[in-house]
There are 2 protein chains.
Amino acid sequence: MRVLVVDDDVQIIRAMRINLRARGYDVDTAADGASALRLATEHLPQVVLLDLGLPDMEGVEVIQRLRGWSQVPIIVLSARHSAGEKVRCLDSGADDYVTKPFGMDELLARMRAAERRAVPLEEAPVVRTGSFEVDLGAKRVLRNGEEVRLTPTEWHILELLARNAGQLVSQRQILHDVWGPNYQNETNYLRVYLAQLRRKLEPDPAHPRYLITEAGRGYRFEREG
Amino acid sequence: MRVLVVDDDVQIIRAMRINLRARGYDVDTAADGASALRLATEHLPQVVLLDLGLPDMEGVEVIQRLRGWSQVPIIVLSARHSAGEKVRCLDSGADDYVTKPFGMDELLARMRAAERRAVPLEEAPVVRTGSFEVDLGAKRVLRNGEEVRLTPTEWHILELLARNAGQLVSQRQILHDVWGPNYQNETNYLRVYLAQLRRKLEPDPAHPRYLITEAGRGYRFEREG
DNA sequence: GAGGACCATGACTGATCCTTCACGGCTTGT
DNA sequence: ACAAGCCGTGAAGGATCAGTCATGGTCCTC
């Protein structure tokens, strides 16, 4: 669940990032309207928390430009209690308007409410190869139409590689993403799990076509065999 | 555009009725939870404005019973500033929570926001498997043409899985949806209830074909055996 | 107040998964 | 050719997770 936090106050950004991370959100942050709009197009967050009073743009303008192409829930955070501002934001397309100071619990509840009724816009993110397909939404892998059973760790690694299909993912990055920051030297694990993934997915596990090793650098998910 | 105003204060009822009428709404009013629920079923309002502190029923209960069959936007109006109350209402299914005193303009803007994103209600889908069918609209399960009796909790879990048929649903998500945010570690419950569901629905409960466990990941409703 | 339905909770057993190690092949540089 | 890394493979112990059964509690009905 990805959330985009837009605020020009570094303190707030930090506090929000910590709080939201702890609740299991992936957090993007932006300090101005332009980078907010860019990040929104790149990462497609499921919720946007928008502070008013950005340096480069009116809040209403950010809302309108987001609404130009996206239905993502927007929750406005603001210190201004002006009723007119609330009405303008809500009528521009914001979903909710919370005035500072607010409790984190309340904000989280409002985020859940917004997510709950969000249009399930989903484009089906499925990564296909010549031999199997990875359904990132359903969290499952099909090979010849049959489901392949993966363990949590196996899936975690495969998902990471598939989301970066065609690109090299470094060993450090995999270890960090899957096992956390304290396992960056356990390249052992990668060898074991990559072997298991190949055994389950590759036509000829001894000569991988899709899960490619780049010696000393990392691994790469290749779509075309 | 019909709106249902629920409040036990005659003054407020009158004021709201006048204000909303002037904006072109058709207004129903109820002074307690029971008549609110009855009016909601009879007139199918497009928005519900719900005051807390009704004489006969907790606000959360009204929300839950409405949500049992309706997706109508619910905006809670309350003099209580307690954060816990807000969280409970929002997590029970309320769309917004406005604290008194509030400006009429703000309320109207929030109503417009709620109406805007209200989904035109979907047709009741039925999820079929080789052994039974789940009627999400009628909230019941048929097996060999006969109704299977499910307890509320069993149904809640089955409904969640069936709505996401084919997709993996994590344990956390089920626990959060069914028991609330404070039960995310009670994986015990899932084991017990999944066993009960299998006993009632699976042809061979010891070897489930439709309610699939993925160890460490979650559960999956599988349509095809 | 007796009974039944439903829920919460704990204990036990079996299954699954993770970690770790050992060994051998392959590549690279000297 | 040899040594040193790096990688792939298989297997074993221990940790974690799931299925099952049993128990006590609460609420509602009769």
Side-chain angles (χ1 to χ4, degrees), chain A residues 139 141 147-159 161 168-172 174-175 177-180 182-220, chain B residues 58 61 64 139 141 147-159 161 168-222:
Chain A
K139 292 188 189 300
V141 184
E147 171 156 6
V148 180
R149 206 143 244 268
L150 297 186
T151 72
T153 308
E154 288 165 6
W155 170 259
H156 204 330
I157 294 171
L158 181 64
E159 181 182 25
L161 293 175
L168 177 70
V169 183
S170 74
Q171 302 190 358
R172 290 179 63 95
I174 305 177
L175 288 167
D177 261 45
V178 177
W179 282 274
N182 302 323
Y183 289 75
Q184 311 221 341
N185 298 318
E186 306 287 339
T187 58
N188 242 345
Y189 297 1
L190 294 185
R191 296 209 293 277
V192 172
Y193 278 100
L194 263 293
Q196 277 172 0
L197 281 172
R198 285 173 180 143
R199 203 175 311 136
K200 294 184 177 181
L201 300 177
E202 291 276 359
D204 178 3
H207 303 93
R209 296 165 61 185
Y210 307 106
L211 299 169
I212 310 296
T213 301
E214 305 231 351
R217 305 205 292 141
Y219 293 88
R220 190 155 40 86
Chain B
E58 277 296 314
E61 189 182 349
Q64 288 170 342
K139 291 190 182 303
V141 185
E147 174 158 6
V148 180
R149 266 190 83 79
L150 297 186
T151 72
T153 307
E154 288 165 5
W155 169 258
H156 204 330
I157 294 172
L158 182 65
E159 179 183 28
L161 292 175
L168 181 71
V169 184
S170 72
Q171 305 190 18
R172 289 178 60 100
Q173 189 180 339
I174 304 177
L175 288 167
H176 182 277
D177 262 46
V178 177
W179 282 273
N182 300 323
Y183 288 76
Q184 310 218 342
N185 299 318
E186 306 290 338
T187 59
N188 245 345
Y189 299 1
L190 294 184
R191 298 208 291 278
V192 173
Y193 278 99
L194 263 292
Q196 279 171 357
L197 281 171
R198 284 174 181 141
R199 210 173 306 137
K200 293 185 178 181
L201 299 176
E202 291 276 358
D204 178 3
H207 304 94
R209 295 165 61 185
Y210 307 108
L211 300 169
I212 309 296
T213 300
E214 305 230 358
R217 301 217 294 152
Y219 293 89
R220 185 198 308 278
F221 186 109
E222 199 70 68

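Atom set for the values below is all heavy atoms of this structure, side chains included, hydrogens, waters and symmetry mates excluded. Source: prediction; values computed, not measured. All chains are named by letter (A, B, ...) in the order of the sequence lines, taking the proteins before the strands, and each is independently numbered beginning at 1.
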* Separation between NZ of A/K139 and CD of A/E159, rounded to the nearest 0.5 Å -> 4.5 Å
* Nucleic acid footprint by protein, nucleotides 24-30 of chain D - heavy-atom cut-off 4.0 Å, B for base, S for sugar-phosphate alone -> -------
* Set of residues satisfying side chain to side chain contact (heavy atoms under 4.5 Å, CB included) with respect to A/V169, sequence neighbours excluded -> A/L160, A/L161, A/N164, A/Q173, A/I174
* **Residue pairs involving residues 172-199 of chain B (criterion salt bridge (charged side-chain N to carboxylate O under 4.0 Å, His left out); sequence neighbours excluded)** => none
* To do: May I have the distance from B/E214 (atom CD) to C/dC17 (atom C1'), rounded to whole angstrom?
  => 13 Å
I'd like a table of atom pairs between the protein and nucleotides 25-30 of chain C - only N or O on both sides, under 3.5 Å - with the distance next to each one.
none

* Asked: Which whole-number value in Å describes the distance from A/W155 CH2 to D/dC17 P?
  -> 20 Å
* Which whole-number value in Å describes the distance from A/H156 NE2 to C/dC18 P? -> 11 Å
* Asked: Mapping A/R149 and B/Y183 to their closest nucleotides on DNA chain C, which lands nearer the 5' end?
  -> B/Y183
* Give the nucleotide from the list C/dT16, C/dC6, D/dC7 with an atom nearest to the side chain of B/A215. => C/dT16
* **Between P of D/dC17 and CG of A/L150, the distance in whole Å** => 18 Å
* Range-with-range stems for DNA chain D, at least three Watson-Crick or G-U pairs under 3.5 Å -> C:1-30 with D:1-30
* Contacts of type side chain to side chain donor-acceptor pair (under 3.5 Å), residue A/D204, not counting sequence neighbours -> A/H207
* Got B/L211 and B/F221 here, is their nearest side-chain heavy-atom distance under 4.5 Å? -> yes
* With the side chain counted from C-beta on, respond yes when B/L190 and B/W179 share a heavy-atom pair under 4.5 Å apart, and no when they do not. => yes
* Could you list the residues that satisfy side chain to side chain donor-acceptor pair (under 3.5 Å) with B/R217, not counting sequence neighbours? => B/E214
* Asked: Side-chain N or O of B/T151 less than 4.0 angstrom from OP1 or OP2 on C/dC7?
  -> yes
* Describe the nucleic acid contact of A/E154 in one word from base, sugar-phosphate, nothing, applying a heavy-atom distance below 4.0 Å. => nothing
* Asked: Can you check the A/R217 CZ to D/dG5 P distance for me, whole Å?
  -> 21 Å
* Asked: Can you check the B/L197 CG to D/dG19 C1' distance for me, whole Å?
  -> 14 Å
* Among all residues two or more places apart in sequence or in another chain, which pass the salt bridge (Lys or Arg N to Asp or Glu O under 4.0 Å) test with B/E58? -> none
* To do: Applying side chain to side chain contact (heavy atoms under 4.5 Å, CB included), name anything that partners B/H156, two or more places apart in sequence or on another chain.
  => B/V178
* **Most 5' of A/E186 and B/P152 on DNA chain C, judged by nearest nucleotide** => B/P152
* **Phosphate OP1/OP2 of C/dC7: any B/W179 side-chain N/O under 4.0 Å** => no
* Does the side chain of B/Y210 reach to within under 4.5 Å of the side chain of B/L201, using non-hydrogen atoms? -> no
* Would you say the side chain of B/E222 lies within less than 4.5 Å of the side chain of B/R209, judging by non-hydrogen atoms? -> no
* To do: Answer yes or no: is there a side-chain heavy-atom contact under 4.5 Å between B/V141 and B/L158?
  => yes
* Asked: Listed by chain and number, what are the salt bridge (Lys or Arg N to Asp or Glu O under 4.0 Å) partners of A/K200, not counting sequence neighbours?
  -> A/E154
* To do: Provide, to the nearest angstrom, the distance between the CG atom belonging to B/N185 and the C1' atom belonging to D/dT16.
  => 14 Å
* To do: Starting at atom OH of A/Y193, determine the distance to atom P of C/dC21, rounded to an integer number of angstrom.
  => 15 Å
Short N/O separations, protein against nucleotides 8-12 of chain D, under 3.5 angstrom:
{"residue": "D/dG8", "atom": "OP1", "partner": "A/R198", "partner atom": "NH1", "Å": "2.7"}
{"residue": "D/dG8", "atom": "OP1", "partner": "A/R198", "partner atom": "NH2", "Å": "3.4"}
{"residue": "D/dG8", "atom": "OP1", "partner": "A/T213", "partner atom": "OG1", "Å": "2.7"}
{"residue": "D/dG8", "atom": "OP2", "partner": "A/Y219", "partner atom": "OH", "Å": "3.3"}
{"residue": "D/dG8", "atom": "N7", "partner": "A/R191", "partner atom": "NE", "Å": "3.1"}

* Asked: If you look at every heavy atom in A/L175 and A/N185, which pair is closest and at what distance?
  -> CD1-N, 4.3 Å
